[in-house]
S.K.: 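Dumping the structure here so I can ask a few things about it.
Below, each value reflects all heavy atoms present in this structure, side chains not excepted, and no hydrogens, waters or symmetry copies.
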Amino acid sequence: MTGVINDTNSVEVAVIGGGINGLVAAALLARTGRSVVLLEAATQTGGMAPTAAQLACGLPTSLIRRLKLKKHGLSLLGSHVGRVALDPDGRHIPLGGKGRAARRATLEAIFHWSSRDAEAWDGVTASLDRLSSALMPWVVGDAPHLHDLDRRQRVAWALQLFRLRRQGRAALQEVLQLLPSNVADFLDDRLETDILKGALALEATRSSRHGPRAPGSMLHWQWERALEQAGSAGTVQVAGGAKGLIAALRDAAMAAGADIRCSAPVTQLLIEDQTVLGVVLEHGEEIRARCVVSAIDPRSTYLDLVGARHLDAGLVNNLRHQRPGGALGRITLTLGRRPTIARLTDEMWARRLMLAPSVPEVERASNAAKYDDLPDHPVAEITVPSVLDRNGLADGRELLTALVPFLPQHPRQGWSKARDLLAARVVKQLSAYAPDLPDLIEEISILTPEDMDPAGVGLSSWHHLDLAADQLMGFRPVAELGGHDRPIKGLILAGAGSHPGGGLNGRAAMRAVRDVLAGAGGSGHERS
């Protein structure tokens with residue numbers, strides 16, 4: 001049975017967290033006729049998305065259509081946003097994009113560096129596509145739990161292995177050999193151009209805690225590629241950035257009937273006989289709910305809101321030893337005009353500019369954080385969203401954003417001193433490509449991992465938890481919570497720390513909604 005419960009302080013579903021996943025869950029569930037309240041601790045919805053993300057990777061077309069997001073103001077300005085491997089002398093290499101023209105431009109640019117790499121490129125991309133395709137069924141579907149496979153999941157595993165085997169023994173062996181390996185070896189075995197390998201290494205590890213030489217970094221890379229490719233438009237730029245997507249989701253949720261409350265931190269879950277009964281807010285208000293969907297991080301959900309007294313000691317220990325994703329920082333420069341980078345075309349300016357001279361440079365940048373230091377020579381993914389989206393920006397001015405990976409959560413000198421040092425080092429690195437940049441800077445905005453994650457639980461990564469083999473699929477967030485036999489009945493995870501991971505795509509919430517509907521016998525029908 002669906003519909004509003006008579007008790008004014010009771011709902012069918014309480015959603016904790018107003019980030020992307022929380023809004024998606026609230027909107028989808030409200031469209032089935034269920035009474036839904038979304039509780040966000042901050043003064044506004046959005047979570048870390050407005051501070052950390054510029055582009056949406058793998059946003060499902062089905063989600064846009066089901067929630068009628070374009071009707072609620074969502075505007076996509078560009079799809080399949082590719083990358084550019086930057087070169088100080090202007091011999092840039094455009095990567096990605098759709099169609100024959102994009103492929104031809106990539107091959108021509110690579111050829112200017114290495115005819116050998118130009119010949120090898122199609123083989124490299126084919127190998128990468130086989131790897132990400134092998135993971136795709138589990139990225140977009142349920143999380144298979146190796147200790148709890150039902151008949152449907154066993155069939156899914158068998159079908160996927162059959163598809164791989166049909167491509168030939170070599171293809172199957174390639175997948176099994178490469179996924180556990182490291183990015184650096186994969187690139188060094190196949191390519192010789194430093195800036196090409198550096199750009200790919202940065203793409204592979206920018207949200208990771210580890211550099212391209214870490215074992216298993218290929219799995220991290222291919223899982224992220226599968227997440228990106230799962231959306232038919234790939235990586236897209238949204239008008240208004242992440243805030244534009246958040247506004248559309250919030251309006252869609254409210255239009256469907258969801259009650260959205262900000263400045264409403266949840267401090268405790270009401271639990272009886274290992275079954276969730278509702279939530280308690282900071283000021284003592286209780287909201288009864290038949291189901292609670294948590295879109296915040298798993299550790300806070302179980303250790304803080306549920307409490308160790310309701311959990312097995314082994315589960316508590318595993319939750320405390322989860323490995324967070326890589327700590328990211330974001331530096332935004334307001335510029336008097338667009339800087340000059342040799343031979344960078346308007347089409348390239350609309351892409352993601354990869355500031356990563358080589359694989360060793362990416363590896364060195366990743367090593368510094370292990371010792372709570374800033375990298376001497378930071379690598380970064382640069383976007384200039386104002387190329388396509390002026391968004392109220394004065395004529396002639398530009399916004400340039402640098403997403404900086406491999407930062408320490410707590411640098412030894414403290415972020416009060418380290419933040420300006422980080423900005424100075426990033427600007428210095430950029431100046432090697434755009435010598436006039438320092439003179440164009442009108443304003444600098446710096447967001448450190450501490451700014452995005454004051455509690456230090458790993459939320460400065462958009463995946464919350466590292467995408468490692470023992471923290472994926474049925475082991476995400478931990479093995480005890482990856483199957484259908486949950487320790488607290490009626491509590492379902494929907495955040496980036498659950499399957500399949502984070503990013504501006506809402507897939508974790510879509511999976512959680514399927515669980516809610518399945519637990520209710522599939523009752524409820526979406527409103528037209």
Side-chain angles (χ1 to χ4, degrees), residues 19-21 47-49 51-59 81 83 128 132 135 139 182-184 198-231 234-235 242 297-298 322-331 352 354-356 362-363 365-370 375 378-383 401-409 447-449 451-453 456-472 476-477 495-508:
I20 293 295
N21 282 304
M48 69 172 286
T51 61
Q54 286 291 326
L55 302 168
C57 296
L59 185 64
V81 178
R83 295 178 168 88
L128 294 175
S132 56
L135 298 173
V139 166
N182 73 75
V183 169
L200 294 174
L202 176 57
E203 173 193 331
T205 58
R206 64 200 171 116
S207 67
S208 174
R209 304 171 69 232
H210 307 290
R213 297 204 178 278
S217 52
M218 280 296 292
L219 176 60
H220 179 106
W221 186 14
Q222 298 318 301
W223 193 270
E224 281 211 318
R225 287 184 85 245
L227 274 171
E228 181 175 351
Q229 294 167 1
T235 297
D297 68 286
Q322 289 176 312
R323 300 186 306 282
L328 295 157
R330 177 176 152 183
I331 297 173
R352 293 166 281 178
M354 309 303 280
L355 182 62
V362 178
E363 183 68 21
S366 73
N367 284 335
K370 300 172 186 175
V379 293
E381 180 180 283
I382 311 297
T383 55
T401 295
L403 192 66
V404 187
F406 309 128
L407 298 181
Q409 188 70 42
L447 285 171
T448 70
D451 296 323
M452 291 188 273
D453 178 22
V457 294
L459 299 187
S460 65
S461 165
W462 55 75
H463 293 300
H464 288 188
L465 300 179
D466 200 23
L467 297 179
D470 60 340
Q471 293 187 161
L472 283 176
R476 190 173 184 85
S498 57
H499 177 73
L504 297 185
N505 54 59
R507 288 197 176 275

S.K.: Applying side chain to side chain contact (heavy atoms under 4.5 Å, CB included), name anything that partners A369, two or more places apart in sequence or on another chain.
M.R.: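 Testing A369 for side chain to side chain contact (heavy atoms under 4.5 Å, CB included), a comparison that skips the adjacent residues, returns P408.
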
S.K.: Taking atom CG of L467 and atom CZ of R209, what is their separation to the nearest 0.5 Å?
M.R.: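 With rounding to 0.5 Å, CG (L467) is 12.0 Å from CZ (R209).
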
S.K.: List the atom of Q229, the atom of S132, and the distance in Å for their closest heavy-atom pair.
M.R.: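 Taking every non-hydrogen atom into account, OE1-OG, 3.1 Å.
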
S.K.: Do S208 and H463 meet the criterion of a side-chain donor-acceptor pair at a distance under 3.5 Å?
M.R.: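 No pair is found: no donor N or O on one side chain lies under 3.5 Å from an acceptor on the other.
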
S.K.: Examine distances only and state if a side-chain atom of W223 and a backbone atom of P500 form a donor-acceptor pair shorter than 3.5 Å.
M.R.: yes

S.K.: What heavy-atom pair brings R476 and L465 nearest, and what distance separates the two atoms?
M.R.: NH2-O, 3.2 Å

S.K.: Please enumerate all residues that pass side chain to side chain donor-acceptor pair (under 3.5 Å) together with R206, with sequence neighbours excluded.
M.R.: E381

S.K.: Quick one: pull up CZ in R352 and SG in C57 and give me the separation to the nearest 0.5 Å.
M.R.: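 R352 atom CZ to C57 atom SG measures 5.5 Å (nearest 0.5 Å).
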
S.K.: So, using side chain to side chain donor-acceptor pair (under 3.5 Å) as the criterion, who are the partners of T235 when residues are at least two apart?
M.R.: E228

S.K.: Please name all residues satisfying salt bridge (Lys or Arg N to Asp or Glu O under 4.0 Å) with E203, sequence neighbours left out, ordered by chain then number.
M.R.: R83

S.K.: What's the spacing between L403 CG and L328 CG if we round to 0.5 Å?
M.R.: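 Between atom CG of L403 and atom CG of L328 there are 5.0 Å.
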
S.K.: Consider side chain to side chain contact (heavy atoms under 4.5 Å, CB included). Of L55, N21, I20, which one does L504 pass it with?
M.R.: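 Single pass found, and it is I20.
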
S.K.: On a heavy-atom basis, which atom in P449 and which in G329 lie closest, and how many Å separate them?
M.R.: CD-CA, 4.4 Å

S.K.: I need the minimum non-hydrogen distance between V183 and A204, along with the two atoms involved.
M.R.: CG2-CB, 3.7 Å

S.K.: Scan side-chain atoms only and decide if Q322 and H464 contain a donor-acceptor pair under the 3.5 Å cut-off.
M.R.: no

S.K.: Sequence neighbours left out, what passes side chain to side chain contact (heavy atoms under 4.5 Å, CB included) with A356? Give chain and number order.
M.R.: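 Applying side chain to side chain contact (heavy atoms under 4.5 Å, CB included) to A356 gives L202, V362, V379.
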
S.K.: How far apart are the closest heavy atoms of Q409 and A327, and which atoms are they?
M.R.: OE1-CB, 4.0 Å

S.K.: Tell me every residue that passes side chain to side chain donor-acceptor pair (under 3.5 Å) with N505, counting only those two or more places apart in sequence or in another chain.
M.R.: none

S.K.: Heavy-atom distance under 4.5 Å between the side chains of R225 and L135, does that happen here?
M.R.: no

S.K.: Return the OG to CZ distance between S207 and F406, rounded to the nearest 0.5 Å.
M.R.: 9.0 Å

S.K.: Can you tell me how far CG of L59 sits from CG of L227, rounded to the nearest 0.5 angstrom?
M.R.: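 Result: 12.0 Å between the selected atoms.
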
S.K.: Thinking salt bridges, do D451 and R330 make one under a 4.0 Å N-O criterion?
M.R.: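 Answer for the salt bridge query: no.
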
S.K.: For T205 and H210, work out which heavy atoms get closest and say how close.
M.R.: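 Nearest heavy atoms, T205 then H210: CB-O, 3.6 Å.
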
